[in-house]
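The structure appears below as structure tokens.
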Amino acid sequence: MKSLAALALATALLAAPLSVQAEQAVKYGNIEIHYNAMPTDELAPAVAKNYNIERSRNRALLTISVLRKNKFGVAEPIAAVLQAHAVNLNEQRVEIPMREIREGAAVYYLGELRVSPPDTLKFTVAARPMGENRDYKAEFTRPFYK
């Protein structure tokens with residue numbers, strides 16, 4: 001059941017408007033950080049329930065995955081220590097606690113925060129992949145309209 005929910009979550013996240021952020025990843029050599037943010041009311045009710053996510057137009061979901069290319073050049077998910085925050089148009093900053101989800105070979109991170117649409121949030125994520133001694137940064141902006 002969790003695998004089906006993971007597939008549904010991934011599908012929902014990939015279906016988010018691509019016009020907002022064409023390349024939803026940053027790359028540093030063999031490390032990639034993939035990211036997305038969306039209103040939680042866009043999640044299917046079953047997916048939100050399975051991941052204990054409150055569906056609301058006033059809540060946002062931040063998703064992060066960190067990948068490392070193996071010796072064959074194939075990107076594989078890896079665990080990382082994450083720090084994330086968002087800043088709104090009024091320069092108010094909020095820390096975003098992230099929780100790790102592991103399902104089979106998949107490793108990804110979810111964080112929730114309040115949002116007051118209409119607003120635009122600037123997200124900053126620092127990821128330290130396991131086995132690395134430095135942080136990699138991802139920054140992106142996401143408008144919330146409704």
Side-chain angles (χ1 to χ4, degrees), residues 1-69 74-130 132 134-146:
M1 179 65 175
K2 280 271 193 185
S3 295
L4 182 60
L7 177 61
L9 179 63
T11 302
L13 297 176
L14 292 174
L18 294 178
S19 62
V20 173
Q21 204 64 37
E23 173 88 15
Q24 294 187 293
V26 291
K27 298 175 183 178
Y28 298 92
N30 67 340
I31 299 293
E32 299 177 10
I33 303 171
H34 292 255
Y35 55 82
N36 194 14
M38 63 187 289
T40 60
D41 67 345
E42 292 180 5
L43 289 172
V47 172
K49 182 179 179 184
N50 201 38
Y51 288 94
N52 198 28
I53 297 170
E54 179 186 340
R55 293 181 73 242
S56 170
R57 64 181 215 104
N58 294 318
R59 302 218 23 103
L61 176 67
L62 173 63
T63 62
I64 302 292
S65 62
V66 181
L67 308 174
R68 177 184 289 135
K69 289 184 183 174
V74 177
E76 299 176 326
I78 58 171
V81 175
L82 297 181
Q83 293 181 332
H85 70 269
V87 177
N88 68 12
L89 292 174
N90 292 324
E91 299 293 324
Q92 296 168 315
R93 177 181 164 134
V94 61
E95 298 297 322
I96 307 169
M98 302 297 291
R99 59 186 164 115
E100 183 178 276
I101 307 291
R102 287 182 180 251
E103 294 175 338
V107 180
Y108 53 96
Y109 299 85
L110 304 177
E112 294 178 71
L113 66 151
R114 294 184 82 44
V115 63
S116 299
D119 203 352
T120 298
L121 300 179
K122 180 180 179 187
F123 292 90
T124 301
V125 177
R128 179 169 293 192
M130 294 303 179
E132 299 276 336
R134 68 169 279 215
D135 290 345
Y136 297 88
K137 189 183 264 190
E139 293 182 319
F140 68 101
T141 302
R142 169 70 158 83
F144 292 85
Y145 296 112
K146 33 178 174 166

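In this structure, R114 and V94 have side chains that are not in contact, with every pair of non-hydrogen atoms separated by 4.5 Å or more. Here the side chains of L113 and F123 are in contact, with some heavy-atom distance below 4.5 Å. Looking at E32 and K69, their side chains come closer than 4.5 Å, going by heavy atoms from C-beta outward.
In this structure, CZ in R55 is found 13.0 Å from NZ in K49, a value given to the nearest 0.5 Å. Within the model, atoms CG of D135 and CG of L82 stand 9.5 Å from one another, a figure rounded to the nearest 0.5 Å. Atom CG of L61 and atom OG1 of T63 lie 6.0 Å apart (nearest 0.5 Å). Rounded to the nearest 0.5 angstrom, L89 CG and L121 CG are separated by 7.5 Å. Of the inter-residue distances, the one linking I78 atom CD1 with N30 atom CG reads 8.0 Å to the nearest 0.5 angstrom.
When all heavy atoms are compared, the tightest approach of P77 to A106 is CG-CA, 4.1 Å. Heavy atoms only, all atoms of each residue included: H85 and I96 are closest at C-CD1, 3.8 Å. Shown here for I31 and E132, the closest heavy-atom pair between the two residues is CD1-OE2, 4.0 Å. Listed here is the closest heavy atom pair of Y51 and L110: CD2-CD1, 4.0 Å. Closest of all the heavy-atom pairs between Y108 and S65 is CB-CB, 4.2 Å. Among all heavy-atom pairs drawn from E112 and N52, the shortest one is OE2-O, 3.8 Å.
In this structure, Y28 and Y136 have tilted ring planes: the angle between them lies in the 30° to 60° band.
Distance alone, capped at 3.5 Å, places no donor-acceptor pair between the N90 side chain and the Q92 backbone. Without hydrogens or angle criteria, R142 side chain to M38 main chain gives no donor-acceptor distance under 3.5 Å. Within the 3.5 Å criterion, the main-chain N or O of E54 finds a donor-acceptor partner in the side chain of T40.
For the side chain to side chain donor-acceptor pair (under 3.5 Å) test, no residue two or more places apart in sequence or in another chain qualifies with R99.
For the side-chain contact (heavy atoms from CB on, under 4.5 Å) with V107, the qualifying choice from E100, M130, E76 is E100, the only one to do so.
Proximity of the aromatic rings of F140 and Y35 is defined here by a centroid distance below 6.0 angstrom, and this criterion is met.
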